[in-house]
There are 2 protein chains.
Amino acid sequence: MEDRVSKRPTIADVARRAGVSKGSVSFALNGRPGLAQATVDKILAAADELGWRPSNRARSLSVSKAFALGLVITRDPAVLSSDPFFPAFIAGVESVLSTRGQALVLQVVMAGESEEDGYRRLAQDARVDGVFLSDLRHDDPRIDLLVELGLPAVTLNRPDGESPFPAVILDDRPGTRAVVEHLVELGHTRIAQVAGPSAFVHATARATAFVETLTAAGLEPLTETGDFTAAGGIEATRRLLALPEPPTAIFYANDRMAIAGLGAAQAAGLTVPDDLSIAGFDDSELAEYVHPGLTTVRADPYRFGEAAALTLNQLVDGAADVPDTELPPAQLVVRGSTASPPV
Amino acid sequence: MEDRVSKRPTIADVARRAGVSKGSVSFALNGRPGLAQATVDKILAAADELGWRPSNRARSLSVSKAFALGLVITRDPAVLSSDPFFPAFIAGVESVLSTRGQALVLQVVMAGESEEDGYRRLAQDARVDGVFLSDLRHDDPRIDLLVELGLPAVTLNRPDGESPFPAVILDDRPGTRAVVEHLVELGHTRIAQVAGPSAFVHATARATAFVETLTAAGLEPLTETGDFTAAGGIEATRRLLALPEPPTAIFYANDRMAIAGLGAAQAAGLTVPDDLSIAGFDDSELAEYVHPGLTTVRADPYRFGEAAALTLNQLVDGAADVPDTELPPAQLVVRGSTASPPV
DNA sequence: TTGTATGCGTTATCAC
DNA sequence: GTGATAACGCATACAA
């Protein structure tokens, strides 16, 4: 009567109830061969009656696994707070983890810390079995770091250097090319881009695709660099509009800069798209609802997260050669913010 | 030479090196009394030389703690994908957790699941020592659930029913009142709001403050309900603008709806703020950069997260009576989207 | 099939 | 007052 609180049953309880040993219980619960069917049934019935559930903690200790994956986010709160990528990416990751009883550990790197510190913490605390490597930089030092830490990882897109980790790839370039071709077809000849910081692989991928497509069309590319924030988008836009011959169309490396740029253009008295065409990248929620609707490039961060989690789990499960995964490339979405240039 | 891989040192290693027992090592490392100072020094030196770090897993198992806190987020892509609150809130939470070696576990509730399932998973898997309770609903069933699960929690704002959990409070009402008064001072007499779903405590807090302030000013409140998404903001805006006597000012319960409403108004041929004043709530990044800049209400989700983590940790650490924490209330930020009504 | 050792830190008990 | 010893929590690998 006293013991009503009944702590969680352990395999020892199950074993006692089924009249077998702990080892047998473990075998039965994991469906391993070597036990008579009758014994298995008896054990499973006992476990069921007791409502036994495995203990993550004990399992973690005995198999040296965390049953969790980690995501390190470095961006400062301002940047973090309106990036449309991560929340959807995380939802995709969770869709995989929840089916396996895994957890997602978020590690936010604080101001003044290096991103590497975040991974180091996750590794030292043995908090996760593997990590997602996002926002790859050129010659990304995190790859060597993770090798050194012995932490499995999957890279979001392919790094430019050597990498022992599988990559999940969502090619930004077809979408970028499509934007540029769309603008060229509309008749624009002075087309600018506001690129992301050149340290990032995906930023330069988009920037290079922009330049190459424009050059292939026989046009002169014009490039300003932003920092993916709205404030940066505004500044880059002002610089472009202050040129002696300002562009008639601007492609931004993400929607946040594009929407800010749209605001800056309107604030400068320009009408979009009549005076200036604007295109973004991401197809974030607001892109559809600002006025005019933002022409942009749509990726699928949810599937990206899903694929990344599946790939990383193969590695965590000990697969030898985990292949890269290629996702459908980003696609152009045409809305009202792009039109033919003023005559 | 062979053993260069050198697995992590354990307290047994430290004990051997210091020439004492495991128990003594534990006492020394935890600063518990009962050891001679010389012995303590010897042990700490040995631990230091070996680079000993406690194993989370073993600690978790022996003290029955996860050293992690949990946040459950519903995977409504709309809510998740561009809500400016969570990322900043999370950064604030992490600023506290990182100093304590705790981790943040994110639990995303998948479509078709109830939010309660998320908490249940965290509790059953014993993944966390406590959880944050956000987006409180009226008579929120999660409170009883968490009591039943025995999971400590902190509520973001105060629930309307009984609650055994401490609350961290950021009062939305002063900001809401300030918006309404600002609009009234500008001379508006037909002021509408697009409220959030009435199931949420914070949504009705804002909605009620709106109605009360307007009524106190002798004006007739006009209310439409949105769902906090951009699409919902658009629809509510269209309904308002289609009225025989449309409002000259609209207050939205969040910036996403407001920015979408701004787009809808502009798409309908209205000039903001000349024909229609618009105000939001959140002061999200883009609020400053759309055109015209969005008059809105600024809260501080980073401090909110910080305070919530501190409060929750007191509870987790076993404090008996953890007091509520009151944060500075949300404040009005006036930008270009509000002006006097058309004459 | 069973019993036992293992992984690791904490804590209760006991001896000097 | 000091410190050692052993049990505990839990699942699993492996020898018996």
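Here is how names work: the chains are called A, B, and so on, in the same order as the sequence lines, proteins then strands, and each is numbered from 1. Computation of the quantities below employed the complete heavy-atom set of this structure, encompassing side-chain atoms and omitting hydrogens, waters and symmetry-equivalent molecules.
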Rounded to whole angstroms, how far apart are [atom1] on [X] and [atom2] on [N]?
{"X": "R32(B)", "N": "dG1(D)", "atom1": "CZ", "atom2": "P", "value": "16 Å"}
{"X": "L29(B)", "N": "dT10(C)", "atom1": "CG", "atom2": "P", "value": "8 Å"}
{"X": "I11(A)", "N": "dA5(C)", "atom1": "CD1", "atom2": "C1'", "value": "14 Å"}

| request: Step by step, work out the side-chain contact (heavy atoms from CB on, under 4.5 Å) result for S24(B) and T39(B). | output: CA-CA 9 Å; S24(B) 300; T39(B) 321; 5.5 Å; no
| query | Below 4.5 Å, heavy atoms only, C-beta onward: do F165(A) and V147(A) meet side chain to side chain? | reply |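 In short, these two side chains touch, coming nearer than 4.5 Å.
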| Are side-chain heavy atoms of T311(A) and L315(A) found at a separation under 4.5 Å? |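 They are not in contact (no side-chain heavy atoms under 4.5 Å apart), so the answer is no.
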| request: Sorted by first residue and then second, give each side-chain hydrogen bond (donor to acceptor under 3.5 Å, both in side chains) pair with at least one member in residues 41-51 of chain A; sequence neighbours left out. | output: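 Only R17(A)-E49(A), Q37(A)-D41(A) qualify under side-chain hydrogen bond (donor to acceptor under 3.5 Å, both in side chains).
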| task | Write out all pairs satisfying salt bridge (charged side-chain N to carboxylate O under 4.0 Å, His left out) with one or both partners inside residues 140-165 of chain A, taking only residues at least two apart or from two chains. | result |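 Residue pairs with at least one partner in residues 140-165 of chain A: E115(A)-R142(A), D140(A)-R142(A), R158(A)-D324(A).
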Where along [range] does a heavy atom fall under 4.0 Å from DNA chain D?
{"range": "residues 57-70 of chain B", "result": "L61(B), S62(B)"}
{"range": "residues 16-26 of chain B", "result": "G19(B), V20(B), S21(B), G23(B), S24(B)"}
{"range": "residues 40-54 of chain A", "result": "W52(A), R53(A), P54(A)"}

| task | Name the nucleic acid region contacted by L35(A), choosing base, sugar-phosphate or nothing; use a 4.0 angstrom heavy-atom cut-off, strictly under. | result |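 It contacts sugar-phosphate atoms only.
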Who are the salt bridge (charged side-chain N to carboxylate O under 4.0 Å, His left out) partners of [X], not counting sequence neighbours?
{"X": "R121(A)", "result": "E113(A)"}
{"X": "R53(A)", "result": "none"}
{"X": "E326(B)", "result": "none"}

| Can you list the residues that meet the side-chain hydrogen bond (donor to acceptor under 3.5 Å, both in side chains) rule with T155(A), with sequence neighbours excluded? |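 Checked T155(A) against side-chain hydrogen bond (donor to acceptor under 3.5 Å, both in side chains); zero matches.
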Atom pairs, N/O to N/O, protein against nucleotides 13-16 of chain C, distance under 3.5 Å?
none

List, one per line, each side-chain donor-acceptor pair under 3.5 Å for residues 60-70 of chain A, sequence neighbours excluded.
unit_1 : atom_1 : unit_2 : atom_2 : d
S60(A) : OG     : N56(A) : O      : 3.3
S60(A) : OG     : K65(A) : O      : 2.6
S62(A) : OG     : A58(A) : O      : 3.3
S62(A) : OG     : R59(A) : O      : 3.4

| request: Using distance alone, with no hydrogens and no angle criterion, decide if Q102(B) and N313(B) have a side-chain donor and acceptor under 3.5 Å apart. | output: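 Yes, side-chain donor-acceptor contact under 3.5 Å.
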| message | Could you work out, with ring-ring contact (aromatic ring centres under 6.0 Å, His included) as the rule, every residue matching Y119(B), not counting sequence neighbours? | response |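 Counting only residues at least two positions away or on another chain, Y119(B) forms no ring-ring contact (aromatic ring centres under 6.0 Å, His included).
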| said: Angle between ring planes, F89(B) versus F85(B), binned at 30° and 60°: parallel, tilted or perpendicular? | reply: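 Correct class here is parallel.
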